[in-house]
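In this chain, residues are counted from 1 in sequence order. All values reported here derive from a predicted model rather than from experimental measurement. All heavy atoms count here, side chains included; hydrogens, waters and symmetry mates do not.
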Amino acid sequence: MENDSPDKKHKGGRHPKNDRAVYRYSISLTATENAKFLSLFEQSGMNVMAHFITACIFQKTITTVKIDKTAVDYYVRLTGLFGQFRAIGVNYNQLVKMLYSNFTEKKAGAYLYRLEKQTMELSALAKKITQLTEEFEVNHLKK
């Protein structure tokens with residue numbers, strides 16, 4: 001029985017590659033070159049350093065992703081704030097229902113007048129937040 005026979009059963013393990021990488025090269029870097037190389041590797045987002053090196057050598061496109069932690073933090077807090085606005089809207093609807101079901105129309109109208117003033121302040125605050133967000137995007141986020 002031949003070893004290279006196509007009828008031979010595979011006994012497990014990794015399947016052999018058709019074009020194995022067997023050629024190895026060694027380079028030496030200074031401390032500053034190594035620091036620059038490692039920062040480029042981290043920015044690329046690749047997991048395997050060998051793939052990064054071959055991409056650099058053969059000038060394949062290397063994508064670098066920079067994450068601005070302050071912008072991410074800002075948007076996380078902004079998302080939380082809008083969640084609170086939604087909760088206020090739900091509470092607002094429940095309050096209006098309760099006012100009309102538990103009070104006379106005159107008394108409910110008086111409370112709704114007060115609520116309307118607070119709602120206008122909240123609306124002005126929401127507009128200010130939207131304006132500040134647009135300014136933040138223009139001034140601090142590069143597209």
Side-chain angles (χ1 to χ4, degrees), residues 3-4 6-143:
N3 289 342
D4 296 329
D7 299 334
K8 183 179 174 185
K9 298 276 186 191
H10 185 69
K11 294 189 177 189
R14 265 175 83 167
H15 294 285
K17 293 182 178 180
N18 292 335
D19 187 23
R20 289 182 36 206
V22 293
Y23 302 101
R24 289 171 175 65
Y25 297 94
S26 174
I27 60 168
S28 300
L29 302 174
T30 64
T32 56
E33 291 171 339
N34 187 46
K36 186 175 179 182
F37 171 76
L38 290 176
S39 69
L40 288 173
F41 173 65
E42 288 174 3
Q43 288 176 4
S44 72
M46 291 184 171
N47 295 329
V48 182
M49 197 176 290
H51 294 168
F52 173 71
I53 293 170
T54 55
C56 289
I57 291 172
F58 296 115
Q59 297 178 352
K60 294 180 184 174
T61 304
I62 301 168
T63 56
T64 58
V65 178
K66 292 183 181 180
I67 298 173
D68 186 6
K69 299 214 187 246
T70 56
V72 171
D73 186 43
Y74 179 79
Y75 277 108
V76 166
R77 290 176 189 243
L78 188 65
T79 303
L81 185 64
F82 279 117
Q84 290 175 358
F85 270 103
R86 278 193 301 274
I88 289 171
V90 170
N91 291 341
Y92 185 89
N93 289 338
Q94 291 174 353
L95 180 64
V96 170
K97 257 188 198 178
M98 285 176 40
L99 282 175
Y100 276 114
S101 65
N102 295 331
F103 294 102
T104 62
E105 191 159 328
K106 187 174 181 181
K107 198 167 222 179
Y111 285 127
L112 280 176
Y113 179 72
R114 288 184 191 169
L115 184 62
E116 187 178 347
K117 283 185 177 179
Q118 296 295 322
T119 304
M120 285 185 214
E121 290 178 20
L122 193 61
S123 176
L125 182 64
K127 287 178 184 176
K128 182 70 174 173
I129 291 171
T130 304
Q131 177 191 2
L132 289 173
T133 301
E134 289 171 357
E135 287 177 14
F136 178 78
E137 287 177 348
V138 168
N139 295 333
H140 299 288
L141 297 180
K142 296 177 183 175
K143 293 183 179 182

Minimum heavy-atom distance Leu112-Tyr100, with the two atoms named: CD1-OH, 3.2 Å
Do Glu42 and Phe52 come within less than 4.5 Å of each other through their side chains, counting heavy atoms only? no
Give a yes or no answer on whether the side chain of Arg20 reaches the backbone of Asn18 with a donor-acceptor pair at less than 3.5 Å. no
State the CG-CG distance between Leu78 and Leu132, to the nearest 0.5 angstrom. 10.0 Å
Rounded to the nearest 0.5 Å, what's the gap from CG on Leu99 to OG1 on Thr104? Could you check? 10.5 Å
Please check: side-chain N/O of Ser123 versus main-chain N/O of Thr119, any donor-acceptor pairing under 3.5 Å? no
Please name the pair of heavy atoms, one in Ser28 and one in Glu33, separated by the smallest distance, quoted to 0.1 Å. O-OE1, 4.4 Å
About how many Å separate NZ of Lys36 and OG1 of Thr32, when rounded to the nearest 0.5 Å? 9.0 Å
Report yes if the side chains of Phe85 and Ile129 come closer than 4.5 Å at any heavy-atom pair, otherwise no. yes
Looking only at heavy atoms, which two atoms of Ile53 and Phe37 are closest? And how far apart? CG1-CZ, 3.7 Å
Can you measure from CD1 (Ile88) to CG (Leu95) and round to the nearest 0.5 angstrom? 12.0 Å
Nearest-0.5 Å distance that lies between atom CD in Glu137 and atom CD in Glu134: 7.0 Å
So do the side chains of Lys127 and Thr130 get within less than 4.5 Å of each other, counting heavy atoms only? no
One thing to verify: whether Arg77 and Asp73 come together as a salt bridge, which I'm taking to mean a side-chain N less than 4.0 angstrom from a carboxylate O. yes
Specify the closest pair of heavy atoms between His51 and Met46, including all atoms of both residues, with the distance to one decimal. C-SD, 4.0 Å
Within 6.0 angstrom of Glu105 CD, more than 12 heavy atoms from elsewhere: no
Could you walk me through whether Tyr74 and Thr133 pass the side chain to side chain donor-acceptor pair (under 3.5 Å) test, one step at a time? CA-CA 9 Å; Tyr74 179 79; Thr133 301; 2.9 Å; yes
Run the side chain to side chain contact (heavy atoms under 4.5 Å, CB included) check on Met49 and Leu38 step by step: do they pass? CA-CA 9 Å; Met49 197 176 290; Leu38 290 176; 4.0 Å; yes
